[in-house]
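In what follows, a single structure is set out as structure tokens and then discussed.
Numbers restart at 1 for each chain; the letters A, B, ... are given by sequence-line order, proteins then strands. What you are looking at is a predicted structure, and each value in this text was computed from that prediction instead of being measured.
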Amino acid sequence: MDHKRIKELLPLYIDGGLREEEISEIDEHLKNCSSCQAEVEDLKNNLNYLKRFSKINAPDELMESIINNIKGAKKDSKSKEENDSNIIKRIKDFFAEKKVRTVYPAAAALLIFLIVLSFGGNNFTHYFNTQNYTPEYDLNGTAKNVYKNQSFNFESDSVLNHRTLSVNEEIQQKNIDLQRKIIQTAVIDLEIEKMDNIEEKIIKIVQEYNAYIAESRSWIDSNDKKNIYYNLRIPSENFSAAINEVSLLAEVTSSRISSRDVTEEYVDVEARLKNLKLQEQRYRDLLNRAEKVEDILKVERELERIRGTIESLEGRMNYLKNQISLSTLEINISHPTPITGEEWGFVKAVQNAVKAMAESFYNMIIKLGSSLPYLLLFVFLYSAFKTIQGKNKN
Amino acid sequence: MDSRKDKMIIEAVNNGEIELFSLLIERYQDRVYSTTYRMLGNREDALDISQEVFLKVFKKLSSFNFESTFSTWLFKVTANKCRDQLRHRKTKINKNKVSLEHSEENGVYFENDDNPEELYLEKEAEKNIMQLINNLKTDFKEVIVLRDIEDFSYQEISEMLSIPPGTVKSRISRARKYLKEDIIKLREGDKNGS
């Protein structure tokens with residue numbers, strides 16, 4: 001290596017950023033080169049100088065505000081989920097009635113059909129092609145349960161064999177582990193060039209698997225690219241099928257699936273609830289028999305305490321049930337990240353030019369509008385002047 | 001091992017013992033805060049972004065799969081948040097707002113705080129260094145802050161910023177060369193002053 005090349009490497013030489021052979025070569029060179037020696041000395045001193053500035057302690061309020069935030073967020077999501085579970089229960093009760101059962105699939109199918117039609121009439125045929133999915137089936141709403149009908153459909157469809165497997169596997173798993181309580185979560189990152197109808201496809205999947213959207217966001221990032229985020233809650237028995245379906249939508253850049261076994265906690269909460277309810281009953285009996293006011297007050301205070309605990313445990317129970325029966329699927333959809341930098345580029349320049357043009361046109365309209373009264377006055381005066389001039393000539 | 005301890009804490013947090021998350025905050029808050037402070041140049045942003053980092057990490061903790069160590073992941077999030085913030089700032093054109101406030105309000109502590117004159121000089125030096133770093137482009141600022149000030153290894157930085165180790169090295173090399181004369185000047189000034 002020559003002097004110049006060595007000089008290039010010196011900034012990395014000082015803190016072990018080079019390979020063995022490069023280091024030994026530089027060592028050799030340094031013996032005879034005083035300018036390089038001085039340079040190394042400078043760089044080392046600079047590094048030591050910078051290192052002195054690493055000591056900063058975080059202010060105490062950081063920890064506090066983080067913890068407060070977490071607590072706040074937890075409370076929010078908890079109460080929200082409790083509400084959700086109530087709604088779900090009511091919906092389930094509603095559909096448990098027989099007369100609704102036949103109406104429901106037909107209504108759902110009609111709804112899906114309408115949504116698809118209203119959102120993207122043009123992409124309609126294209127959409128069904130990519131999904132391996134026929135609208136006739138969708139409208140065939142005589143089946144009692146949409147989910148069962150689907151798994152039957154999978155078996156008859158050779159293209160979707162792999163899906164049949166995963167669904168069956170899951171059912172088997174459920175039979176073996178009937179008592180296990182598991183919370184499942186998955187995060188999928190998708191990359192797609194054209195986002196035109198991706199939202200409809202997601203909605204379609206949501207309908208298809210009886211899921212619902214807990215949260216959805218879409219925004220334009222600093223590269224002017226659209227990003228979409230979904231948080232779906234899916235009945236756990238449909239979970240893996242839905243993941244498969246989502247994975248087919250676009251290129252999957254990353255996916256994580258995790259599950260948490262909460263059997264222990266579930267059983268624990270259940271047992272405590274049972275005990276407390278028995279205890280409550282005993283206190284109520286006592287209350288009936290108590291005669292002195294003092295006793296009555298005491299018993300009532302105890303009852304209140306127990307009632308409070310029961311309610312918080314029931315809340316926890318509902319939360320767990322909701323988490324277990326509905327798995328969470330988070331989907332991040334983004335454009336493939338561009339290789340070129342965000343700062344400049346021909347296309348960007350053209351875009352900016354068009355923007356600027358529109359803006360200046362807009363400003364022109366405003367300016368014209370604001371001076372309109374004067375223009376009118378001017379025109380009026382001018383024509384008056386002309387007519388007077390004409391009369392004078394005559 | 002530190003990372004094993006982290007893993008134990010994370011598993012406990014994921015199993016419902018949320019209070020234990022404070023252990024993770026305690027362990028990393030100084031480094032996260034000082035990284036964000038060096039990157040962003042002012043105290044409010046550093047505080048905000050540090051908070052966002054921990055909240056995001058907390059939210060995603062259940063899906064963290066230990067592919068990398070927790071600390072790498074944490075600082076990856078930190079670096080991304082800082083980058084977003086800088087970009088955001090650029091679009092808002094309040095670039096000049098990067099204020100270099102007085103360090104006594106910035107929670108910066110020095111070892112020799114008994115000598116007022118030296119303390120003053122330290123503060124001046126601190127201010128000058130921050131100015132230098134703040135003038136770098138984000139790509140270079142990142143690597144200099146992470147390597148030269150916060151002392152992360154080349155490998156760690158490569159993982160945090162999701163760029164190949166070679167790129168990290170070339171950026172550091174260029175940045176060091178670029179800063180060389182300025183830092184020497186600052187050092188000389190320090191010496192003359194004291």
Could you please spell out the steps behind the side-chain hydrogen bond (donor to acceptor under 3.5 Å, both in side chains) verdict for Gln51(B) and Ser65(A)? CA-CA 7 Å; Gln51(B) 191 182 324; Ser65(A) 65; 3.1 Å; yes
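Evaluation of the salt bridge (charged side-chain N to carboxylate O under 4.0 Å, His left out) rule for Glu311(A) yields Arg307(A) as partners, not counting sequence neighbours.
For Phe21(B), the part lying under 4.5 angstrom from a heavy atom of chain A is the side chain only. In this structure, no portion of Ser153(B) lies under 4.5 Å from any heavy atom of chain A. Proximity to chain A (any heavy atom under 4.5 Å) is shown, for Glu26(B), by both the backbone and the side chain. The contact between Asn65(B) and chain A is made entirely by side chain atoms (from C-beta outward), counting heavy-atom distances below 4.5 Å. Of the atoms belonging to Leu10(A), not a single heavy atom falls under 4.5 Å from chain B. Proximity to chain B (any heavy atom under 4.5 Å) is shown, for Asp15(A), by both the backbone and the side chain. For Asn45(A), the parts lying under 4.5 angstrom from a heavy atom of chain B are both the backbone and the side chain. Proximity to chain B (any heavy atom under 4.5 Å) is shown, for Thr185(A), by neither the backbone nor the side chain. Heavy-atom distances place no part of Lys59(B) under 4.5 Å from chain A, backbone and side chain included. Proximity to chain B involves both the backbone and the side chain of Leu12(A), based on heavy atoms less than 4.5 angstrom apart. Both the backbone and the side chain of Asn15(B) have a heavy atom closer than 4.5 Å to some heavy atom of chain A. Interface remark: Glu265(A) contributes no atoms to any contact with chain B (heavy atom separation under 4.5 Å). There is no contact between Arg174(B) and chain A, counting heavy-atom distances below 4.5 Å. Heavy-atom distances place both the backbone and the side chain of Ile149(B) under 4.5 Å from chain A.
Side-chain contact annotation: Ser34(B) with Glu150(B), donor-acceptor N/O pair under 3.5 Å present.
If you look at Phe75(B) and Phe152(B), their ring centroids are closer than 6.0 Å.
A 4.5 Å side-chain heavy-atom check between Glu142(B) and Arg147(B) finds every atom pair outside the cut-off. Counting only heavy atoms from C-beta outward, the side chains of Glu8(A) and Ser173(B) never approach each other to under 4.5 Å.
Few gaps surround CZ on Phe140(B); more than 12 heavy atoms of other groups in view lie less than 6.0 Å from it.
Between chain B and the options Val187(A), Ile183(A), Ile67(A), Leu62(A), the largest number of non-hydrogen pairs under 4.5 Å is found for Leu62(A).
Using cut-offs of 30° and 60° for the angle between ring planes, the Trp73(B) and Phe70(B) rings count as perpendicular.
Exactly one of Arg187(B), Arg176(B), Glu181(B) qualifies for a side chain to side chain donor-acceptor pair (under 3.5 Å) with Asn46(A). That residue is Arg187(B).
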